[in-house]
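Each remark here refers to the structure printed beneath this line.
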Number of protein chains: 2
Amino acid sequence: MKTLILPSIAEMNLTSICAALGDPIRMKIVQCLADSGEKNCSGFEVEHISKSTLSHHIKILRESGLIQPRFQGKEHFYSLRTADLESRFPGLIHLLLREKPESFVLPE
Amino acid sequence: MKTLILPSIAEMNLTSICAALGDPIRMKIVQCLADSGEKNCSGFEVEHISKSTLSHHIKILRESGLIQPRFQGKEHFYSLRTADLESRFPGLIHLLLREKPESFVLPE
DNA sequence: TTGATAGTTCGAAATTTTTCGAATTATAAA
DNA sequence: TTTATAATTCGAAAAATTTCGAACTATCAA
């Protein structure tokens, strides 16, 4: 079993999070997850990009604290760390929603 | 008189804004302005950086839509485009405040 | 056990960003 | 007019990021 490195809430840093979001591919992945929850790599709405490049972007998102993986068989399912992000940077998640923001309920 | 290029509210783009904020020097400038309003270059809390480098960072912040200049004599005073940013990305400004966020009143 | 699938890691090339000093513009003050 | 100050622009060098294919790990299914 592999150990995964995720920053704690206290370790999250706004500059790193912005740097992670400052790339169009990564922004798209994050907005895709913000809109519709958990997805594996093939569910991200990105095209014309090799799988190693996609892995690289996923790593940056994970290390910034934006996303977390869940391993199920061969697949890695990713989701936004909604509650953690909301507690550390209130309002951030809301900013990332593309549509129907009124349908999104923030965590308690 | 020089014409300055500022993106309109509609032209503002979240990815570009995040990219602009994803650098520690630029984040510091923006948080400095968010905390205390208008400042010229010498008022930014950045050190060990040449003036041409500082100009480069200011340009990126301006072109992303985060800041606007006001020319007075030799000096260029910069401020956050608070109202414009709040109308385009509600909550963004609040995220950038380092201290005393409760004392900050968002524009109408 | 073999083969297929999902994804990561490695190393190198391509591209972009950051940085600087020198030259330049614009204003103000002597 | 000359000098000083505030800041930008211009190249070019240095540093960081993005990208890819190949090799690898792990799981599942035949």
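So you know, we letter chains A, B, ... as the sequences are listed, proteins then strands, and number each from 1.
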5'-most by nearest nucleotide on DNA chain D - A/Gln72 or A/Gly22: A/Gly22
Proximity to the side chain of B/Thr53 - top-ranked nucleotide from D/dC20, C/dT19, C/dA6: C/dT19
Length of the line joining [X]:[atom1] and [N]:[atom2], which is rounded to integer Å:
{"X": "A/Asp23", "N": "D/dA16", "atom1": "CG", "atom2": "C1'", "answer": "14 Å"}
{"X": "A/Leu54", "N": "C/dT8", "atom1": "CG", "atom2": "P", "answer": "7 Å"}
{"X": "A/His76", "N": "C/dT9", "atom1": "NE2", "atom2": "C1'", "answer": "13 Å"}
{"X": "B/Met27", "N": "C/dT18", "atom1": "CE", "atom2": "P", "answer": "13 Å"}
{"X": "A/Lys51", "N": "D/dA22", "atom1": "NZ", "atom2": "P", "answer": "11 Å"}
{"X": "A/Ile58", "N": "C/dT9", "atom1": "CD1", "atom2": "P", "answer": "11 Å"}
{"X": "A/Lys59", "N": "C/dT8", "atom1": "NZ", "atom2": "P", "answer": "10 Å"}
{"X": "B/His56", "N": "D/dA16", "atom1": "NE2", "atom2": "P", "answer": "14 Å"}

Donor-acceptor pair (no angle test) under 3.5 Å: B/Ser50 side chain, C/dG21 base: no
Polar pair under 3.5 Å, donor/acceptor by atom type, side chain B/Ser52, base C/dG21: yes
Side chain proximity check, B/Met27 to A/Cys18, heavy atoms < 4.5 angstrom: yes
A/Arg81 vs A/Pro7 side-chain heavy atoms within contact, under 4.5 Å: yes
Among A/Leu85, A/Leu33, A/Val30, side chain to side chain contact (heavy atoms under 4.5 Å, CB included) partner for A/Leu96: A/Val30
Contact class for [X] (heavy atom, under 4.0 Å): base, sugar-phosphate, or nothing?
{"X": "B/Phe77", "result": "nothing"}
{"X": "B/Arg26", "result": "sugar-phosphate"}
{"X": "B/Ile25", "result": "sugar-phosphate"}
{"X": "A/His57", "result": "sugar-phosphate"}
{"X": "A/Ile49", "result": "sugar-phosphate"}

Short side-chain N/O contact to C/dG7 OP1/OP2 from A/Asn40, under 4.0 Å: yes
Short side-chain N/O contact to D/dT8 OP1/OP2 from B/Tyr78, under 4.0 Å: yes
Side-chain donor-acceptor pair present, B/Gln72, B/Arg70, cut-off under 3.5 Å: yes
Derivation and outcome, side-chain contact (heavy atoms from CB on, under 4.5 Å), residues B/Ser79 and B/Ile67: CA-CA 5 Å; B/Ser79 58; B/Ile67 67 173; over 6 Å; no
